[in-house]
Amino acid sequence: MRYSNDDKKHSFHARHYSTGTYATGNPNATSIFDNATGPTLSVAESCDYFFAPGDPLVPVCIAAGGFYNPEVTYNPSTDADAKRTFDDISAKVQIEWTPNDDTLIYLGYNRGTKGGNWATPIFFPLDTSTFAHDGEVLNSYEIGTKLTFLDGRARLNASAFYYDYENYQGFTLLNLAQEITNLDAEVVGAEAELFLTPVEGLDLLVAIALLDSEVKGFTKPNGDVVNRELPQAPTFSLNFVARYEWPAFNGTLAAQVDG
């Protein structure tokens, strides 16, 4: 078991210096983000997205229903979430049984943690309520076996596992900046690895893995809520190695192919 305590502070300041508009295509934006049916606001009704400080159209935009905040400050004096403490416990417990010298069977539980943090975008509009995210906890349950047979010339390792994430730190890109959100996620998987030495000097290895992963309730930039697979978690993977080693030049040489 391991206990850790992290005290973290975050300080952020941004000011909008752009001149002109870059979202409407209209350098004056005289119609305040207008369309065929009349004036309409967009980009969360944010005037600071379209107008730099001092632009004469800022009051017009505000009168049309937008908000204006060209300067954003985020630190412990302005937001309580900018100063946080994370208490984490990591742990492992495992039961092993060896009915004979060639067999090991085990059942284990692991708890892993990842501290909370902040994600800070770089483009206006800025919503400081989305900066902070909580720590992630992974509860892992695994059962498996390790076998030796063929007079020690073969080994088989196999396992099945279940990962249960609490506050999984899922990320997306919003306005070209990374945004991190706490979600629920889980993984069910199995792995097997076979190692053979059929003749002296020749080693063969083949391994397969199966994964079924799901991140729940992920919100896409367009607002749709969907479930997604974990990144870098392929449903099926396979790898193999064949290596032959022989004596040469008062030492050894080896040739290998793998994939």
Side-chain angles (χ1 to χ4, degrees), residues 1-4 88-115 135-171 182-218 226-259:
M1 181 177 290
R2 175 181 178 181
Y3 168 78
S4 62
D88 294 320
I89 294 178
S90 301
K92 177 178 181 178
V93 58
Q94 184 162 297
I95 300 172
E96 298 180 352
W97 180 42
T98 53
N100 55 61
D101 292 341
D102 296 326
T103 304
L104 169 68
I105 300 172
Y106 65 90
L107 175 65
Y109 165 77
N110 282 274
R111 174 187 168 91
T113 62
K114 181 192 296 183
E136 175 183 299
V137 176
L138 170 59
N139 294 291
S140 167
Y141 308 86
E142 182 174 353
I143 185 171
T145 184
K146 298 178 182 293
L147 306 174
T148 303
F149 51 100
L150 297 180
D151 295 326
R153 291 183 289 109
R155 296 196 305 272
L156 175 65
N157 302 325
S159 66
F161 53 88
Y162 171 66
Y163 291 172
D164 181 18
Y165 287 91
E166 299 174 13
N167 289 326
Y168 170 77
Q169 295 173 0
F171 66 91
N182 291 117
L183 304 165
D184 288 329
E186 62 180 18
V187 181
V188 178
E191 296 177 335
E193 179 184 68
L194 178 63
F195 185 89
L196 297 172
T197 306
V199 296
E200 185 175 354
L202 177 61
D203 294 327
L204 304 174
L205 170 70
V206 61
I208 62 171
L210 302 173
L211 290 178
D212 181 15
S213 65
E214 185 176 46
V215 180
K216 302 176 182 178
F218 176 79
V226 296
N227 293 340
R228 281 288 185 262
E229 292 183 351
L230 281 166
Q232 300 181 13
T235 302
F236 174 79
S237 58
L238 168 71
N239 64 283
F240 65 88
V241 177
R243 175 184 173 90
Y244 184 66
E245 185 176 286
W246 66 95
F249 308 110
N250 295 321
T252 59
L253 285 177
Q256 176 175 309
V257 58
D258 57 75

(request) Return yes if some donor-acceptor pair links the side-chain N/O of Thr113 with the main-chain N/O of Asp88 below 3.5 Å, else return no. (result) no

(request) Kindly say whether Ile208 contributes a backbone atom to a donor-acceptor pair with the side chain of Asn239 at under 3.5 angstrom? (result) no

Check [X] against [Y] and note the closest heavy-atom contact, atom names and distance.
| X | Y | result |
| --- | --- | --- |
| Gly112 | Ser90 | CA-OG, 4.4 Å |
| Val187 | Ser213 | CG2-CB, 3.8 Å |
| Leu204 | Pro198 | CD1-CG, 4.1 Å |
| Ser140 | Tyr163 | OG-CE2, 3.1 Å |

(request) Output all residues satisfying side-chain contact (heavy atoms from CB on, under 4.5 Å) with Gln169, sequence neighbours left out; order by chain, then residue number. (result) Lys114, His133, Glu136, Ile180, Asn182

Once you round to the nearest 0.5 Å, how far does [atom1] of [X] lie from [atom2] of [Y]?
| X | Y | atom1 | atom2 | result |
| --- | --- | --- | --- | --- |
| Tyr106 | Ser159 | OH | OG | 4.5 Å |
| Leu253 | Tyr244 | CG | OH | 11.0 Å |
| Arg111 | Asp164 | CZ | CG | 11.0 Å |
| Leu183 | Tyr168 | CG | OH | 8.5 Å |
| Met1 | Ile89 | CE | CD1 | 6.0 Å |
| Tyr165 | Leu138 | OH | CG | 5.0 Å |

(message) I'd like to check the side-chain hydrogen bond (donor to acceptor under 3.5 Å, both in side chains) partners of Gln256; sequence neighbours left out, ordered by chain and number.
(response) Arg243, Asp258

(request) Using side-chain hydrogen bond (donor to acceptor under 3.5 Å, both in side chains) as the criterion, list what pairs up with Thr235, not counting sequence neighbours. (result) none

If you count every heavy atom of other residues, nucleotides or ligands that lies below 6.0 Å from [X] atom [atom1], does the total exceed 12?
| X | atom1 | value |
| --- | --- | --- |
| Leu238 | CG | yes |
| Phe171 | CZ | no |
| Gln94 | CD | yes |

Output side-chain donor-acceptor pairs under 3.5 Å for residues 144-155, partner residues at least two apart or in another chain, one line each.
residue, atom, partner, partner atom, Å
Thr145, OG1, Leu104, O, 3.0
Arg153, NE, Leu150, O, 3.4

(request) Using the test salt bridge (charged side-chain N to carboxylate O under 4.0 Å, His left out), find all partners of Lys216 that sit at least two apart in sequence or belong to another chain. (result) Glu186

(message) Working note: Trp97 + Ile95, criterion side chain to side chain contact (heavy atoms under 4.5 Å, CB included); need CA distance, chi angles, decisive distance, verdict.
(response) CA-CA 7 Å; Trp97 180 42; Ile95 300 172; 6.0 Å; no

(message) Hydrogens and angles aside, do Glu142 and Asn110 bring a side-chain donor and acceptor to less than 3.5 Å of each other?
(response) no

(request) Measure up the Tyr141 and Tyr109 rings against each other and bin them: parallel (under 30°), tilted (30 to 60°), perpendicular (over 60°). (result) tilted

(message) With heavy-atom distances below 4.5 Å as the criterion, would you say the side chains of Phe161 and Leu211 are in contact?
(response) yes

(request) Write out all pairs satisfying salt bridge (Lys or Arg N to Asp or Glu O under 4.0 Å) with one or both partners inside residues 93-106, taking only residues at least two apart or from two chains. (result) none

